[in-house]
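Since we're looking at a predicted model, the values are computed, not measured.
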Amino acid sequence: MEISIRKWNRDDLSQIHKAWLNYCRNVARSDMRMTQDADEAMAKWLTSRFRQPSAFGFIAESEGAIVGFLTARVDDWESVPPVIESRRIGIIDAVYVEDQFRRQGIGSQLIERAIEAMRKDNVIAVETIYDAWNDASARAWHRAGFAPWMVHAYRML
């Protein structure tokens, strides 16, 4: 089975939309509920993100079918309060690989392609978020060279 990685295009948005919403529905904790307009909101957000000049995405395909995706963007990071100089960073919004294709290095390939694109855009650092309670996700990001910087802690009441 050969996996190819390519840039996203408008025709990919509906499949990204479906996969991302399904993922959100399956990983939501008891304190996380999908909005009634989640389908419409995701479609609108994805279309908006796709149109942003600083945004980009990659698609992983096997035999013509999408088996994974990555969405990202480049932006200027501003500190709050504004006491640290602005810097150009890359932000990986999402990486997703279909269950049956996981643990084959597809996510790593998508991340590496994104990092290559960001280097060409003079990015000095790349950030992302992932579920700290998902050990497989944490290991994948660590293997890709990511480490926690500022921890955003969460306590359910």
- Could I get the full list of side chain to side chain contact (heavy atoms under 4.5 Å, CB included) partners for S54, not counting sequence neighbours? Q52, R73
- Task: List in chain and number order the residues that pass side chain to side chain contact (heavy atoms under 4.5 Å, CB included) with R143, two or more places apart in sequence or in another chain; answer none if no residue qualifies.
- Result: R139, A140
- Other ILVMFWY residues reachable from W77 by side-chain steps of under 4.5 Å: V83, I84, I89, I91, W149, M150
- Who else is in V80's hydrophobic cluster (ILVMFWY, side-chain heavy atoms under 4.5 Å, direct or via others)? none
- Query: Short question: side chain of D12, backbone of N9 - any donor-acceptor pair under 3.5 Å?
  - Reply: yes
- Using atom types as modelled and distance alone, determine if a side-chain donor or acceptor of S137 lies under 3.5 Å from a backbone N or O of D131. no
- Query: For the residue pair A114 and I92, what are the closest heavy atoms and their distance?
  - Reply: CB-CD1, 4.4 Å
- Heavy atoms only: give me the nearest A55-R49 pair and the separation to one decimal. CB-O, 3.1 Å
- What distance separates I115 CD1 from L110 CG, expressed to the nearest 0.5 Å? 11.0 Å
- Which value, rounded to the nearest 0.5 Å, describes the distance between I111 atom CD1 and F58 atom CZ? 12.0 Å
- Can you list every side-chain hydrogen bond (donor to acceptor under 3.5 Å, both in side chains) pair that touches residues 38-48, not counting sequence neighbours? H17-D39
- Pairs meeting criterion side-chain hydrogen bond (donor to acceptor under 3.5 Å, both in side chains) with involvement of residues 106-123, two or more places apart: R88-D121
- Shared hydrophobic cluster for M34 and Y96 (ILVMFWY, side-chain gaps under 4.5 Å): yes
- What about M42 and Y23, same hydrophobic cluster or not, with Ile/Leu/Val/Met/Phe/Trp/Tyr joined at side-chain heavy-atom distances under 4.5 Å? yes
- Message: Please enumerate all residues that pass side-chain hydrogen bond (donor to acceptor under 3.5 Å, both in side chains) together with D37, with sequence neighbours excluded.
- Response: T35
- By side-chain hydrogen bond (donor to acceptor under 3.5 Å, both in side chains), S86 pairs with (sequence neighbours left out) E78
- Message: Can you confirm whether I124 is buried at CD1, in the sense that more than 12 heavy atoms of other residues, nucleotides or ligands lie under 6.0 Å from that atom?
- Response: yes
- Flag yes if more than 12 heavy atoms outside E85 fall under 6.0 Å of its CD atom; otherwise flag no. no
Just distance, no hydrogens or angles: give the donor-acceptor pairs under 3.5 Å from side chains in residues 59-71, sequence neighbours left out.
residue: E61; atom: OE1; partner: R6; partner atom: NE; Å: 3.1
residue: E61; atom: OE2; partner: R6; partner atom: NE; Å: 3.4
residue: E61; atom: OE2; partner: R6; partner atom: NH2; Å: 3.2

- For F101, which residues count as a ring-ring contact (aromatic ring centres under 6.0 Å, His included) partner, sequence neighbours excluded? none
- D99: salt bridge (charged side-chain N to carboxylate O under 4.0 Å, His left out) partners, not counting sequence neighbours: R102
- Message: Quick check on the 6.0 Å ring-centre criterion: do W8 and F50 meet it?
- Response: yes
